[in-house]
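The block underneath contains the structure these notes are about, expressed in structure tokens.
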Amino acid sequence: YKAMLVDSRLDDVMLTRAFTGLDTNMLRPSIVAAAYLGMGTTWHAGLSGSVPLLMASPGHFLEKTTGVVPLAATTFAPFNLGLAAVVTVVMAAVVWRLHPVAADAVVVSPDALDALERFTPPPAPSVRTFAAWCDDTRVLPYALGATGAAWLIWYVRTSGLQLTLDVLNFVFLMTAIVLHGRLASVMAAGEQGARLLAGVVLQFPLYAGMYGIIEGTGLARVLGDAIARTATRDTLPLALYWYSSVLNYFVPSGGSKWAVEAPFILDAARRLGVGLDEVILAYAWGDMASNLIQPFWALPLLAAARLGFRDIMGYAAICFAVISVVVSVAFWLLPLAR
């Protein structure tokens, strides 16, 4: 990881001084591919999974027909936790096998590491106006953090340990404010961290347009109806896994696709007698799998490493093939656990 950062931020002269005996063109893509695995192997099965969090949030758009589906039935279900553990072990083994041999190990100069672009909090303002005091004081961030902690304690006492999308985002925001200690530092970190998102910001509206065509022409409903007609109670989770994976390749967005597809997917599940938890998990696992061969969510990482998606596609395709087999087998065997 350090090698990737050094390679992405130093010029050729510094690289020559920093590295000895290394083919960076071989090492860097494998590092970036490994760093990108989370988007295609675990994220939608974890605490940041958009669909499980949405379905667990009171007032969601399907609550009248499905009710609130707690995370205990999806994210924290034994099947999901077990599958995530298996996938983590298998993918760790795959990455280990893809890693360059020991003869190509890298030796990084400490001087090169010192040249990395690290986040530096902004200095204290020279002019002490009231606005400058608000930006620089630690009183306001800690007061905000204390208020946030008080609300979180109240929420847990009144609603239990029920994570929702809003609660998770709130906790992350409050934690960032407290750890930075100054509002000016929070703002500076946000500006620096978002610089690599240009590709996502520019392309996401285009994907929204693509999905508008898929939905407007009725293609999504046709695919959903076809699955309902051809699948059985035992094969529906596996079919939904692949349906979600294929559609995600063309429109890489989990939550927005679910908002449109959920009604006919859940209707098919009701007709076949398949539980909501199985449908949500199958959709979530499929939604993230094709991220490995879809470059959209890799754009910030690729920009930081100064690589193109073709540079990591070989590694990512191997990982996609492996995880597809592992997860397909898991959902094929899921009916045995009912």
To check you understand the geometry: which heavy-atom pair defines the closest contact between [X] and [Y], and what is its length?
| X | Y | answer |
| --- | --- | --- |
| L53 | L47 | CD1-O, 3.1 Å |
| I293 | A317 | CG2-CA, 4.2 Å |
| W297 | P252 | NE1-O, 3.1 Å |
| A34 | V95 | CB-CG1, 4.0 Å |
| N291 | G40 | CB-CA, 4.2 Å |
| T164 | P58 | CG2-CD, 4.0 Å |

Following the transitive rule for hydrophobic clusters with a side-chain heavy-atom cut-off under 4.5 Å over Ile, Leu, Val, Met, Phe, Trp and Tyr, establish whether [X] and [Y] coincide in one cluster.
| X | Y | result |
| --- | --- | --- |
| I323 | V89 | no |
| L336 | V86 | yes |
| V246 | V326 | yes |

Is there side-chain contact between [X] and [Y], with at least one heavy-atom pair below 4.5 Å?
| X | Y | result |
| --- | --- | --- |
| W242 | S290 | no |
| I265 | Y243 | yes |
| T232 | L272 | no |
| L240 | Y283 | no |
| Y241 | L281 | no |
| W133 | P125 | no |
| F79 | E278 | no |
| F61 | L54 | yes |

What distance separates [X] [atom1] from [Y] [atom2], expressed to the nearest 0.5 Å?
| X | Y | atom1 | atom2 | value |
| --- | --- | --- | --- | --- |
| S30 | L98 | OG | CG | 8.0 Å |
| F320 | M313 | CZ | CE | 9.0 Å |
| L173 | I177 | CG | CD1 | 4.0 Å |

Which residues share a side-chain hydrogen bond (donor to acceptor under 3.5 Å, both in side chains) with R271, sequence neighbours left out: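 Expected list: D267.
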Partner set under side-chain hydrogen bond (donor to acceptor under 3.5 Å, both in side chains) for T42, not counting sequence neighbours: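 Result, side-chain hydrogen bond (donor to acceptor under 3.5 Å, both in side chains) vs T42: none returned.
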Could you tell me whether the side chains of N80 and W285 share a donor-acceptor contact shorter than 3.5 Å?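 N80 vs W285: donor-acceptor pair found between side chains.
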Knowing that exactly one of V327, V90, V87, L292 qualifies, which makes a side-chain contact (heavy atoms from CB on, under 4.5 Å) with V322?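 Single side-chain contact (heavy atoms from CB on, under 4.5 Å) partner of V322 among V327, V90, V87, L292: V90.
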Going by atom type alone, with no hydrogens or angles, which donor-acceptor pairs under 3.5 Å involve a side-chain atom of residues 139-160 and a protein atom two or more places apart or on another chain?
residue: T147; atom: OG1; partner: A143; partner atom: O; Å: 2.8
residue: Y155; atom: OH; partner: Q162; partner atom: O; Å: 2.6
residue: T158; atom: OG1; partner: W154; partner atom: O; Å: 2.8
residue: T158; atom: OG1; partner: Y155; partner atom: O; Å: 3.2

For atom CZ of R97, decide whether the heavy atoms of other residues, nucleotides or ligands shown that lie under 6.0 angstrom number more than 12.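 No.
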With side chain to side chain contact (heavy atoms under 4.5 Å, CB included) as the criterion, how do L37 and C319 come out once you've worked through the C-alpha distance, each side chain's angles and the decisive distance to 0.1 Å? CA-CA 8 Å; L37 283 181; C319 294; 3.6 Å; yes
Students often mix this up, so state it plainly: with edges at 30° and 60°, are the rings of Y36 and F309 parallel, tilted or perpendicular?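 Rings of Y36 and F309: perpendicular, as their planes differ by over 60°.
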Distance-only check: which donor-acceptor pairs under 3.5 Å involve side-chain atoms of residues 63-75, not counting sequence neighbours?
residue: E63; atom: OE1; partner: G59; partner atom: N; Å: 2.6
residue: T65; atom: OG1; partner: L62; partner atom: O; Å: 3.0
residue: T66; atom: OG1; partner: L62; partner atom: O; Å: 2.9

Just to verify, what does F76 make a ring pair (Phe, Tyr, Trp, His ring centres under 6.0 Å) with, not counting sequence neighbours?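 F76: no ring pair (Phe, Tyr, Trp, His ring centres under 6.0 Å) contacts found.
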Side chain to side chain contact (heavy atoms under 4.5 Å, CB included) between W43 and S50, worked out: CA-CA 9 Å; W43 84 268; S50 55; 3.9 Å; yes
Are L83 and F331 close enough, and set up right, to give a side chain to side chain contact (heavy atoms under 4.5 Å, CB included), and what steps lead you there? CA-CA 10 Å; L83 180 55; F331 279 105; 4.2 Å; yes
Under 3.5 Å: donor-acceptor pair, side chain of H44, backbone of V51: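 Yes.
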Got a list of side-chain donor-acceptor pairs under 3.5 Å for residues 178-185, not counting sequence neighbours?
residue: H180; atom: ND1; partner: S185; partner atom: OG; Å: 2.7
residue: R182; atom: NH1; partner: P122; partner atom: O; Å: 3.3
residue: R182; atom: NH1; partner: D136; partner atom: OD1; Å: 2.5
residue: R182; atom: NH2; partner: P122; partner atom: O; Å: 2.4

Verify side chain to side chain contact (heavy atoms under 4.5 Å, CB included) between M288 and M39, making sure each step is shown before the conclusion. CA-CA 6 Å; M288 66 178 167; M39 278 299 298; over 6 Å; no
